[in-house]
Amino acid sequence: MSLRVGKRPASLAGGALVLVILAVTALWWFNRTDDAPYAVSADGPRVTLVYDGERPDEDIDTFLTVLVQRLAAGDVKGVDALADGYPDGAGATRESSEFLRPLAASAAAGKVTAKVAGVEDARPLSQRLKAPGGGTSQADLTLADGKHLRVQLAREHGVWWGYALAPAG
């Protein structure tokens with residue numbers, strides 16, 4: 001009596017295993033995100049961010065809270081650092097310090113109202129496949145004393161980056 005296993009079932013099982021591994025790898029690739037290198041500081045100034053319209057996803061909320069918190073602390077270099085991962089344009093953000101510095105007291109004065117545009121990803125499919133987790137948006141912030149600030153946002157590998165574009169309004 002022979003208990004020999006044929007070569008065909010073994011090769012089918014091996015092929016199925018390869019397909020499962022490829023499927024899991026593809027799911028991981030398209031759903032992966034990097035950890036954000038910033039977080040809301042427990043030691044920093046307490047800020048209140050209120051949304052005009054629909055509340056954005058948690059990642060944008062965290063990014064904007066960190067930005068307002070750093071601005072309220074007068075840390076304009078910290079605000080500029082939030083653009084370090086911004087694709088193709090982070091160099092221009094280094095000039096933002098001049099108009100951000102006077103807004104520090106306004107950010108610390110009370111609640112900040114934010115209106116966030118919907119997220120878009122207008123990149124071609126080839127770029128979406130090469131670098132998933134992308135997208136762009138913008139937020140208009142109204143500080144407690146009525147001053148305005150526009151923030152340009154971009155998501156790279158699931159992490160939001162942004163810079164103060166110019167005073168809005």
For this session: Verify, without hydrogens or angle tests, whether Gln152 (side chain) and Gln138 (backbone) share a donor-acceptor contact under 3.5 angstrom.
Result: no
Exercise. With no hydrogens and no angle check, is any side-chain donor or acceptor of Thr136 less than 3.5 Å from a backbone partner on Ala154?
Worked result: no
Look up atom [atom1] in [X] and atom [atom2] in [Y], then write down how far apart they are to the nearest 0.5 Å.
{"X": "Leu103", "Y": "His148", "atom1": "CG", "atom2": "NE2", "value": "11.0 Å"}
{"X": "Arg55", "Y": "Ile60", "atom1": "CZ", "atom2": "CD1", "value": "11.5 Å"}
{"X": "Leu100", "Y": "Lys77", "atom1": "CG", "atom2": "NZ", "value": "13.5 Å"}
{"X": "Lys115", "Y": "Asp52", "atom1": "NZ", "atom2": "CG", "value": "5.0 Å"}

For the student: nearest non-hydrogen atoms of [X] and [Y], plus distance:
{"X": "Ala107", "Y": "Val68", "value": "CB-O, 4.3 Å"}
{"X": "Val47", "Y": "Gln69", "value": "CG1-CA, 3.9 Å"}
{"X": "Gly110", "Y": "Ala144", "value": "N-CB, 3.6 Å"}
{"X": "Gly118", "Y": "Ser137", "value": "O-OG, 3.7 Å"}
{"X": "Trp161", "Y": "Pro37", "value": "CH2-CG, 3.2 Å"}
{"X": "Tyr163", "Y": "Ala83", "value": "CB-CB, 3.8 Å"}

Exercise. Is there a side-chain contact between Leu141 and Leu71, using heavy atoms and a 4.5 Å cut-off?
Worked result: no
Problem set entry | Chi angles and distances behind the side chain to side chain contact (heavy atoms under 4.5 Å, CB included) call for Val116, Leu64 | CA-CA 10 Å; Val116 180; Leu64 291 174; 3.8 Å; yes
Problem set entry | side chain to side chain contact (heavy atoms under 4.5 Å, CB included), paired with Trp160, selected from Asp57, Leu67, Leu82 | Asp57
For this session: Report the hydrophobic cluster partners of Leu19, with the cluster defined as I, L, V, M, F, W, Y residues connected by side-chain heavy atoms closer than 4.5 angstrom, directly or transitively.
Result: none
For this session: May I ask you to list the residues sharing a hydrophobic cluster with Val50, side-chain cutoff 4.5 Å, ordered by chain and number?
Result: none
For this session: Tell me yes or no: between the side chains of Ser106 and Asp145, is some donor less than 3.5 Å from an acceptor?
Result: yes
